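All chains are named by letter (A, B, ...) in the order of the sequence lines, taking the proteins before the strands, and each is independently numbered beginning at 1. Quick caveat: nothing in here was measured; it's all calculated off a predicted structure.
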Amino acid sequence: MLDIKLIRNEPDSVREALRRRGAHAEAALDRLLELDVLRRQVLVQVEEKRSLRNAVSEQIAQAKKAKQDASGQIEAMRAVGDEIKVLEARLREIEAALEEELLQVPNLPEPSAPAGSEEDSMVMHHWGTPREFNFTPLDHLDLGQPRDLIDMERGARTSGSRFAYLKGDLVFLQFALVQFALEKLAAKGFRPVVVPVLVRDEAMYGTGFFPTDLQQVYHIEADGLNLVGTSEVPLAAMHMDEILEEADLPVRYVGYSSCFRREAGAAGKDTRGIFRVHQFDKVEMFSFCAPDKSPEEHDFMRSIEEEILQELGLPYRAVNIAAGDLGAPAAKKYDLEAWLPTQDRYREVTSCSNCTDYQARRLKVRAKGEKGGPYLVHTLNGTVVAIGRTIIAIMENHQTEEGLVETPAALRRYLPAGKEFLGA
RNA sequence: GGAGAAGUGGCCGAGCCGGCUGAAGGCGCUCGCCUGCUAAGCGAGUGUAGGAGUGAAUGCUCCUACCGAGGGUUCGAAUCCCUCCUUCUCCGCCA
């Protein structure tokens, strides 16, 4: 959520920033400014009447104490009370409308995020060289199915399309990746957390997924809960309504959870295998940091993501995502895309966003200390390991002519008996 | 799932037969005094949000709201009523 004061004081720069996302900001901003003026007008009226009532009520109390008649004043205040009620109802309507509009405005992109839409995203750099195969490489499904490591048919029978059973060595690979990631992140100061995956609406609104991505979320009507699409949500909401100690910043967490996404609107896209499924597991990092430190924290997180892909031996490229392709809460986002030989292109495996104070304002996460305060912190999130996609990249890049998968050296200490080949 | 109890400021803890209680008291914290050092002692201060006014300005003045959240009753609610959330105890159930 943006600061209404910023919109009030600098409507033109806000408008311009939103245009860089390609957002049709005009109508919404004009309406916001209108509602803001209206709100303050009505607020002043309400407060004046409340002030009057408070003063006279005080007199009534004195009169009663002195055993004098106050029925005239009581009568008058009864009328004032009715007026207040009318004005308060009006104020509530205006504030609700203002809130509703405000919730829909996305974050302002950082100047260093390229303007425009997806095709305007900028490739920053590459690492590694795509492997030359002296045989025709198989994709993850053709590698996994013959050895019963991935079972889409039964996944579909049990749960529908885009669900899978992961079996055998791939299960060991999954937990090796998790343990590898958690140890690395813990060593860098991120506190490991297993999060709730069902959260209230407040957490969804607070992190900015609602109302924008309502249709992407599995909603449990009976209990008013939502299945999270990423542990970013419960990690961010963990400090909702709190004032953190400035000295403790940055507060860093690494979460592990299953993630659930309806993938509405993705019909026909990436339908093969486990690249895009309704349920996957992910290790995610999250940071609450001082407002002036978030760009450097963002780079730090990206460097961790790069380190991991390098240790896994996966060629990738780093992309600075264009403003128009940012999620609503993000001001800037880096994606790392790993090379997939069978698709002959780079595909997203991690994503790292600086949400500046957008989520913090909604969640009311603040800090105080020598710099004063309470002031809003900045929040950042990044994928450490998206298990499914990382498994795909490992399988495809490290496959052998025999249809096995050679494990990255960095993972062997986490695999049974230091397993060198999966599927054997 | 059933039956009870409770949620007050950074923390503890009064108030809860409605009226200078934004909130006693204590602890903590900040500043000052005192003191070989420390401790003790003395004095002052110490919430958040929104708004109006004012100033060149860190600001200042005033108003409003907030005693888990949201409604209601009343001239007036931390105090009464309703709904929800959370915590604790007992029973049941279970991993």
S.K.: If the C1' atom of rA78(B) is compared with that of rA23(B), how far apart are they to the nearest Å?
M.R.: 8 Å

S.K.: Which whole number of Å gives the distance between the C1' atom of rC80(B) and that of rC16(B)?
M.R.: 10 Å

S.K.: Between Phe190(A) and Phe300(A), what is the ring plane arrangement, given parallel below 30°, perpendicular above 60°, and tilted in between?
M.R.: parallel

S.K.: For rA40(B), which nucleotide in any strand shown is its Watson-Crick or wobble partner with both distances under 3.5 Å?
M.R.: none

S.K.: From CG of Asp241(A) over to C1' of rG47(B), roughly how many Å is that when rounded to an integer?
M.R.: 15 Å

S.K.: Roughly how many Å is it from CG in Leu91(A) to P in rA49(B), rounded to a whole number?
M.R.: 19 Å

S.K.: Any side-chain N or O of Arg366(A) under 4.0 Å from OP1/OP2 of rA49(B)?
M.R.: yes

S.K.: Between rU73(B) atom P and Ile74(A) atom CD1, what is the distance in whole Å?
M.R.: 17 Å

S.K.: So, Tyr165(A) versus Phe163(A), ring centres under 6.0 angstrom or not?
M.R.: no

S.K.: Would you say that more than 12 heavy atoms from the other residues, nucleotides or ligands in this model lie under 6.0 Å from the CZ of Arg272(A), or not?
M.R.: yes

S.K.: Does rA95(B) pair with anything, Watson-Crick or G-U wobble, both distances under 3.5 Å, and if so, with which nucleotide?
M.R.: none

S.K.: Can a salt bridge be assigned to the pair Arg50(A) and Glu88(A) using a cut-off of 4.0 Å between side-chain N and carboxylate O?
M.R.: yes

S.K.: Starting at the 5' end of RNA chain B, which residue's closest nucleotide do you reach first, Asp36(A) or Glu75(A)?
M.R.: Asp36(A)

S.K.: In terms of side-chain heavy atoms of Arg39(A), which of rU48(B), rG50(B), rG76(B) is nearest?
M.R.: rG50(B)

S.K.: Do the side-chain N or O atoms of Arg78(A) get closer than 4.0 angstrom to the phosphate oxygens (OP1, OP2) of rU74(B)?
M.R.: no

S.K.: In whole Å, I'd like the distance from the CD atom of Glu88(A) to the P atom of rG51(B).
M.R.: 17 Å

S.K.: Any base atoms under 4.0 Å from Lys64(A), or only sugar-phosphate, or nothing? Heavy atoms, all strands.
M.R.: base

S.K.: Under 3.5 Å for both donor-acceptor distances, Watson-Crick or wobble: does rG10(B) have a partner, and if so which one?
M.R.: rC27(B)

S.K.: Indicate, with a heavy-atom threshold strictly under 4.0 Å, whether Arg361(A) touches base, sugar-phosphate, or nothing.
M.R.: nothing

S.K.: On a whole-Å scale, what distance lies between the C1' atoms belonging to rC17(B) and rG70(B)?
M.R.: 27 Å

S.K.: Which residue, Lys368(A) or Ile60(A), contacts RNA chain B at a nucleotide closer to its 5' end, judged by nearest heavy atom?
M.R.: Lys368(A)

S.K.: Counting only Watson-Crick or G-U wobble pairs whose two distances fall under 3.5 Å, which nucleotide matches rC75(B)?
M.R.: rG19(B)

S.K.: Do the side-chain N or O atoms of Arg50(A) get closer than 4.0 angstrom to the phosphate oxygens (OP1, OP2) of rU64(B)?
M.R.: no

S.K.: Kindly say whether, by distance alone, the side chain of Glu47(A) makes a donor-acceptor pair under 3.5 Å with the base of rG50(B)?
M.R.: yes

S.K.: Roughly, in whole Å, what's the span from CG in Asp82(A) to C1' in rU74(B)?
M.R.: 12 Å

S.K.: Return no unless some side-chain N or O of Lys5(A) is found under 4.0 Å from OP1 or OP2 of rG50(B).
M.R.: yes

S.K.: If I pick the P atom on rU46(B) and the same atom on rG26(B), what distance separates them, to the nearest angstrom?
M.R.: 16 Å

S.K.: So what does Leu43(A) touch, heavy atoms closer than 4.0 Å: a base, only the sugar-phosphate, or nothing?
M.R.: sugar-phosphate

S.K.: Please say which of Leu102(A), Val105(A), Asp357(A), Leu363(A) ends up in a side-chain contact (heavy atoms from CB on, under 4.5 Å) with Met1(A).
M.R.: Leu102(A)

S.K.: Would you measure the distance from the P atom in rC82(B) across to the matching atom in rG25(B) and give it in whole Å?
M.R.: 34 Å

S.K.: Identify which one of Glu305(A), Glu348(A), Glu306(A), Arg347(A) satisfies the side-chain contact (heavy atoms from CB on, under 4.5 Å) criterion when paired with Tyr316(A).
M.R.: Glu306(A)

S.K.: Rounded to whole angstrom units, what separation is found between the CD atom of Glu93(A) and the P atom of rG71(B)?
M.R.: 14 Å

S.K.: Checking base pairs now: Watson-Crick or wobble, both atom distances under 3.5 Å. What partners rG53(B)?
M.R.: rC60(B)

S.K.: For Asn54(A) and rU64(B), is the shortest distance between a side-chain N/O and OP1 or OP2 below 4.0 Å?
M.R.: yes

S.K.: For rA77(B) versus rC67(B), give the span between their C1' atoms, rounded off to a whole number of Å.
M.R.: 11 Å

S.K.: For rC31(B) versus rG36(B), give the span between their C1' atoms, rounded off to a whole number of Å.
M.R.: 24 Å

S.K.: Taking the minimum atom-to-atom distance to the side chain of Pro374(A), which one of rA49(B), rG51(B), rU64(B) wins?
M.R.: rA49(B)

S.K.: Checking contacts here: which listed nucleotide (rU73(B), rA52(B), rU64(B)) is nearest the side-chain heavy atoms of Val44(A)?
M.R.: rA52(B)

S.K.: Quick check for you: among rG19(B), rC75(B), rG71(B), whose closest atom lies nearest to any side-chain atom of Ala61(A)?
M.R.: rG19(B)

S.K.: For Glu202(A) and rA69(B), give me the distance from atom CD to atom P, rounded to whole Å.
M.R.: 14 Å

S.K.: Partner of rU87(B) by Watson-Crick or G-U wobble geometry, both contacts under 3.5 Å, or none?
M.R.: rA5(B)

S.K.: Looking at Lys85(A), does any N or O in its side chain come under 4.0 Å of the phosphate oxygens OP1/OP2 on rU73(B)?
M.R.: yes

S.K.: Would you mind reading off the distance between Leu87(A) atom CG and rA65(B) atom P, rounded to a whole angstrom?
M.R.: 14 Å

S.K.: If you only use heavy atoms from C-beta on, which nucleotide in rG76(B), rG51(B), rC63(B) is closest to the side chain of Ser51(A)?
M.R.: rC63(B)

S.K.: Phosphate oxygens OP1/OP2 of rA69(B): is one of them under 4.0 Å from a side-chain N or O of Arg200(A)?
M.R.: no

S.K.: What about His278(A) and Phe260(A), are their ring centers closer than 6.0 Å?
M.R.: no

S.K.: Mind checking the C1' distance from rC12(B) to rC29(B)? Whole angstroms is fine.
M.R.: 15 Å

S.K.: Any salt bridge linking Lys368(A) with Glu246(A)? Criterion: basic side-chain nitrogen under 4.0 Å from a carboxylate oxygen.
M.R.: no

